[in-house]
Amino acid sequence: RNKIYIFHYLHRIFENVRVYFLENIRFRCTIGQNIINLICGVDMAVIECGLGGRLDATNILHPELCVITNIGLDHCEYLGTSLQSVAAEKAGIIKGGIPVVVGEKSGVADVFAGRADECGAPVVFAEEYRPVNFGAIVAEDLDLKGKCQQKNIKTVVAALETLERRLECLKNCSVEEMSDGIRNAA
């Protein structure tokens, strides 16, 4: 009953959305994915942003956690030409009261900390994070190879441990099960 009600509510909202939003493929994919999650009863979904940031279609969602992996000078025509401007755009996904994990400080930690403070969102910098349960996972154990994976592991572990404190569905998973999931990600 609740799923039907929410679907009907979403349908009514999107009837009123201006047509030009519907031309955006990322917006349509985000909406479609969330309707599927709603109907299928998904406990938790990882939704990746397009370019990310304040104008991303995923900002219509109310997440349990926001994750910003790293900052680089990609998509400068949209996000700005300095690490500070890119970070300011990416920080647009930070929501009020929702924890945020930042993978790499990249010299712009103050931008993320400032936005998180404005939003009342706890921030965790993965570079400084000390794992409670997942200290034994190293990049060499992963199916995914590459030097960047050691940094990615820190981000994933910080995110998992933050979510574990917030979500009932993760409290039933053992550390071994979650560690195995990290090691076998593809």
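By the 4.5 Å heavy-atom criterion applied to side chains, Leu73 and Thr81 are not counted as neighbours. The shortest side-chain heavy-atom distance between Ile98 and Glu64 does not fall under the 4.5 Å cut-off. At least one side-chain heavy atom of Ile93 sits less than 4.5 Å from a side-chain heavy atom of Asn59. For the pair Asp74/Leu79, no side-chain contact is recorded, criterion being any heavy-atom separation below 4.5 Å from C-beta on. Under the 4.5 Å side-chain criterion, counting only non-hydrogen atoms from C-beta, Lys90 is in contact with Ile71. Put simply, the side chain of Lys95 reaches to within 4.5 Å of the side chain of Cys66, judged on heavy atoms. The shortest side-chain heavy-atom distance between Val100 and Val124 does not fall under the 4.5 Å cut-off.
To the nearest 0.5 Å, atom CG of residue Leu160 and atom CD1 of residue Ile153 are 11.5 Å apart.
Between Ala159 and Val67, the shortest heavy-atom contact is CB-CG2, 4.1 Å. Pairing each heavy atom of Phe112 with each of Ala91, the nearest pair is CD2-CB, 3.9 Å. Closest approach of Val86 to Gly80, counting heavy atoms only: CG2-O, 3.6 Å. Shown here for Gly103 and Thr155, the closest heavy-atom pair between the two residues is CA-OG1, 3.2 Å. Heavy-atom minimum distance, Leu65 versus Pro99: CD1-O, 3.3 Å.
Side-chain N or O atoms of Glu127 include one that pairs as donor or acceptor with a backbone N or O of Lys105 at under 3.5 Å. The backbone N or O of Glu161 lies less than 3.5 Å from a partner atom in the side chain of Arg165, making a donor-acceptor pair.
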Side chain to side chain contact (heavy atoms under 4.5 Å, CB included) for Glu104 and Ile68? Distances and angles first, verdict last.
CA-CA 8 Å; Glu104 296 179 35; Ile68 300 170; over 6 Å; no

